[in-house]
Each structure stands twice: as C-alpha cells, then as structure tokens.
2 protein chains.
Amino acid sequence: MSGGELKLVEAEEPEEHDYLLQEQVGFILRKAHQRHVSIFAAHIGDLTPPQFAALAKLRDVGETSQNQLGTLIAMDAATVKGVIDRLKARGLVELSKHEVDKRRLLVNLTAEGRDAIERLIPLAREITRETLAPLSAKEIATFTKLLAKLA
Amino acid sequence: MSGGELKLVEAEEPEEHDYLLQEQVGFILRKAHQRHVSIFAAHIGDLTPPQFAALAKLRDVGETSQNQLGTLIAMDAATVKGVIDRLKARGLVELSKHEVDKRRLLVNLTAEGRDAIERLIPLAREITRETLAPLSAKEIATFTKLLAKLA
DNA sequence: TTGATATCATTTGCATACGAATGAATTTCC
DNA sequence: GGAAATTCATTCGTATGCAAATGATATCAA
C-alpha cells in the first residue's frame with residue numbers, strides 16, 4: 001500500500017517543516033527595510049532616514065509641534081523627541097514655545113536645515129531609485145501600490 | 001496669455017513641492033514594517049520578532065554557531081548576541097563550545113525552547129495572515145514575489 | 001613553519017522604536 | 001465654573017540594529 005511507503009519516506013526526512021521563516025512577510029519586510037537603510041547610508045552618511053524624514057516633512061508643512069511632526073512621519077512621541085534633539089544639536093532645526101497653547105513645542109527648519117534638505121533631496125531620489133532597481137517600471141508601480149495598502 | 005495666468009496660479013501655491021516623503025519606498029517600507037511589528041506584538045506579547053526568528057531558525061537547522069545563526073536570520077554579530085543572551089536568560093536556548101573550533105559558540109534549543117516555538121508557530125501563521133489581510137490572494141502572491149526581489 | 005589573512009565573538013557607542021509612567025496644560029461636558 | 005478626560009511633552013526601561021575596535025583562534029601561503 002502506498003500509505004505504508006509514504007510513511008517510510010517521511011521517516012527518512014524527519015526534519016521536514018511546514019513553517020518557513022524565509023517565506024513570512026514579516027521577515028522579508030525586515031530584510032527589505034534593512035537593505036534600504038543600507039543604501040540610504042551609502043548615499044547620505046551623516047543623516048539617518050528618520051532624521052531625513054523629519055527635515056523633509058518640515059520642508060513640506062513648515063513649522064509644527066513636535067507631536068504633530070511625529071504623527072506625520074510615523075514616530076511616537078518618545079522617538080521623535082530624540083530625533084529632533086539631535087537635529088537641534090546640529091543646528092538644522094530650531095524650537096520655540098507655542099504662544100497660545102503652552103503645552104506645544106514648535107519645530108522649524110533653520111536656514112542651514114533648509115539648505116541641507118534641498119541639497120539632500122536629489123540624493124534621496126537616487127536612493128529611492130536604487131532601492132527599487134531590482135524591479136521593472138511596471139513592477140515598481142504594482143509594488144508601491146500594494147505596499148502602501150499594507151502601511 | 002495663458003502663460004501669464006499659469007504663473008499667477010503658481011504664485012498662489014508657493015508650497016508646491018516635487019518631493020513627497022509619503023511616496024518614497026523607504027518611508028512606506030518603514031511604516032509597513034512598523035505595522036507588522038505591532039500585529040506581531042498583539043499576538044505574541046512575550047517575544048519579539050527577532051527572538052522568534054532565532055527560535056524558528058534553530059528549529060529548522062538545529063544546533064549552529066551564533067554567527068551562522070545571525071547570517072541565517074539577517075542579523076549582524078553584535079545584534080544576534082543580544083538576542084541570544086536574552087533567549088538564554090529565559091532558558092529557551094542553551095550555549096556550548098565547539099569541540100574543534102574554539103572560536104565558535106554553539107546555540108541550540110532547550111526542551112522548553114522547542115515547546116515554545118512549536119506552540120508559537122500557529123500564532124505566527126495568523127500574524128502573517130493578518131499582516132497581509134489588506135490584500136487579495138492574488139495581490140499577496142504578487143506582493144510577496146516583488147518584496148522578495150527587494151530583500 | 002611562520003607570517004599574513006580571515007573568521008568568530010565580544011564590547012562600546014550611537015540611533016531608532018515603543019510601552020508605561022508622569023506632569024503640565026487644555027478641552028469637554030455636566 | 002469645575003471635575004473629568006484629553007493632549008503634549010518628557011523620562012525611564014528594554015530591545016533591536018549597526019559601525020568600529022579588540023582579542024582569540026584558524027586558515028592560507030610563501
């Protein structure tokens with residue numbers, strides 16, 4: 001009977017597993033993110049992706065509260081504080097108190113910060129290009145659309 | 001002349017930017033990863049994704065050196081050390097010295113670690129399912145294939 | 001065989017990332 | 001108006017993640 005034979009074959013490969021880490025989205029997502037960060041670092045060595053995100057968003061929206069900025073770039077309050085502290089220490093952003101709502105800490109680009117982000121944006125375009133380089137133009141469109149659905 | 005009118009319209013929207021952070025792969029990749037980690041934590045609260053990855057891979061390959069394990073789960077030597085230290089402190093893995101090559105530190109699951117990973121794998125399946133829930137079956141196949149190309 | 005290289009692991013330093021606790025200020029609602 | 005709930009920000013603790021330096025061991029090659 002084939003049932004008996006199958007059992008014999010299985011006994012010869014007891015290490016067969018039905019759960020493969022390499023196939024789980026979470027694991028691949030983590031690796032893809034790692035690769036992107038590595039590409040980023042190769043092009044922009046003196047700024048991290050979160051720091052760049054903060055500057056780029058401030059360029060978009062102008063002065064905002066630290067918390068609001070955090071929401072816009074998907075960082076919780078504790079994380080965004082550290083990022084802004086470091087940008088402030090480097091003179092790329094400046095902080096001020098909100099006149100009306102005394103809880104709020106306003107963040108804005110300095111002249112130097114504005115120069116920096118304008119200078120870095122072409123490099124950021126290249127980083128995006130290089131990150132997506134393994135895909136064709138059509139695949140890029142598909143991938144970006146699906147990824148956005150998951151984010 | 002329409003050229004003049006266009007200039008006027010542009011002058012009314014001086015904040016127009018040609019670089020949008022929300023559209024960059026790196027930024028969306030980071031958000032998608034964040035969402036996955038959040039889903040993971042909701043299902044498996046007492047283990048992080050990297051810790052789970054280490055256990056799952058040890059289940060796959062059996063005893064290996066710490067460095068080799070790091071390669072298999074995409075972690076550098078410094079990071080994997082911290083992960084293994086914590087798993088060892090919780091009794092889920094055990095360490096031993098390689099008999100021949102004295103540089104190597106062998107890592108293996110304990111009985112408790114094996115029980116834990118077997119128990120967690122069904123939850124991990126559900127985590128993968130929930131992470132991909134915004135996509136249809138066909139989209140999942142496409143997305144996974146493209147994501148793997150980027151990782 | 002020995003000197004140069006390479007590999008394995010550890011440590012240090014820095015930068016996210018987030019939960020939880022805290023305090024200050026504001027808003028809501030009765 | 002005032003208590004309760006909410007919002008903004010900070011701090012603490014824990015856990016990745018990686019570069020760089022270091023030390024121990026192993027391998028390679030002249």
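None of these values were measured; they are calculated from a predicted model. Proteins get letters first, then strands, A, B, ... in listed order; numbering begins at 1 in each.
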Given atom NE2 of B:His98 and atom P of D:dA24, what is their separation to the nearest angstrom?
20 Å
Please report, rounded to the nearest Å, how far the P atom of D:dG17 is from the CZ atom of B:Arg30.
14 Å
On DNA chain C, does the nearest nucleotide to A:Lys102 precede the nearest nucleotide to A:Pro50 from the 5' side, or the other way round? Give the residue.
A:Pro50
With heavy-atom distances below 4.5 Å as the criterion, would you say the side chains of A:Val107 and A:Glu63 are in contact?
no
Interatomic distance, B:Asp46 CG vs D:dA15 C1' [rounded to whole Å]:
14 Å
So salt bridge (charged side-chain N to carboxylate O under 4.0 Å, His left out) across residues 137-146 of chain B, not counting sequence neighbours, yields A:Lys149-B:Glu139
When rounded to whole Å, the NZ to P distance for the pair B:Lys31 and C:dA17 reads 13 Å
Write down the distance between CD1 (A:Ile39) and P (D:dC18), rounded to a whole number of angstrom.
13 Å
So, with a heavy-atom separation below 4.0 Å from DNA chain D, the residues of residues 73-88 of chain A are A:Ala77, A:Ala78, A:Lys81
Contacts under 3.5 Å, N or O only, protein and nucleotides 1-8 of chain C:
{"from": "C:dT7", "atom 1": "O2", "to": "B:Arg103", "atom 2": "NH1", "distance (Å)": "2.7"}

Sub-3.5 Å donor-acceptor pair from the side chain of A:Thr144 to the main-chain atoms of A:Ile140, do we have one?
yes
Atom CG of A:Leu69 and atom C1' of D:dA9: how far apart are they, to the nearest Å?
14 Å
Between A:His36 and A:Ala32 (side chain of the first, backbone of the second, donor and acceptor by atom type, cut-off under 3.5 Å), is there such a pair?
no
First of B:Ser38 and A:Gln51 reached from the 5' end of DNA chain C, by closest nucleotide:
A:Gln51
Are the charged groups of B:Glu112 and B:Arg90 less than 4.0 angstrom apart, N to O?
no
Is it the case that the side chain of A:Thr110 and the backbone of A:Gly91 share a donor-acceptor pair, with hydrogens and angles ignored and the cut-off at 3.5 Å?
yes
Find the distance B:Leu47:CG to D:dT14:P and express it as a whole number of Å.
17 Å
Sidechain N-carboxylate O distance under 4.0 Å for A:Asp85, A:Lys88:
no
Specify the residue among A:Gln68 and A:Val37 whose closest nucleotide of DNA chain D lies further upstream toward the 5′ end.
A:Gln68
Between B:Lys81 and B:Asp76, does at least one N-O distance fall below 4.0 Å, as a salt bridge requires?
no
A:Ala74 backbone acceptor or donor facing B:Arg30 side chain under 3.5 Å:
yes
